[in-house]
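All figures in this text were calculated on a predicted structure; none of them were measured in a lab. Sequence positions, counted from 1, serve as the residue numbers for this chain.
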Amino acid sequence: YGAMEEYFRVYGAMEEYFRVYGAMEEAERASKKVTVVVELPGQEDGRLAELTLPLGNKIREVGQAAIRQGALPIVPRLFYEGRLLNGGSALEPSDTLLEAGLPIG
């Protein structure tokens, strides 16, 4: 049993290392910034706000920041690459920008 116990002890330690490393890597990616531009469609100069937020921010927080910075009366529909991120999408307001697939930058 000694060799088998040692194997599982080492395997468990490696598994824990990779779990922690993966969580750290995810946290690092979530802290990276993304720039979100809020604009009115069909307007030549329809830019209302430009938000620079961590990818770990929730979609709900992006909408709230857009309301504040763009002086909007309601939460705007948020799109990324033609895909609706809020209001009827497969994503939840509590999902993060990282989960929505936004790239860093």
Note: Glu39 and Arg47 closest approach over all heavy atoms is CB-CA, 3.8 Å
- Would you mind reporting whether Thr35 and Glu50 have side-chain heavy atoms less than 4.5 Å apart? yes
Value for CG (Leu51) from CG (Asn57), rounded to nearest 0.5 Å, stands at 9.5 Å
Gly70 and Ala49 have their tightest heavy-atom pair at N-CB, 4.1 Å
- Query: Between Thr96 and Ile59, is any pair of side-chain heavy atoms under 4.5 Å apart?
  - Reply: no
| field | Pairwise side-chain contact, Ile74 with Ile67, heavy-atom cut-off 4.5 Å (strictly under) | value | no
Margin query: Contact between Leu72 and Val38 at the side-chain level, heavy atoms closer than 4.5 Å - yes or no?
Written below: yes
Next on the checklist: Is the shortest side-chain heavy-atom distance between Lys32 and Pro54 below 4.5 Å?
Outcome noted: no
Rounding to 0.5 Å, atoms CG (Leu55) and CD (Glu99) come to a distance of 11.0 Å
| query | Judged by atom type as modelled, is there a donor-acceptor pair below 3.5 Å linking the side chain of Glu61 to the main-chain atoms of Lys58? | reply | yes
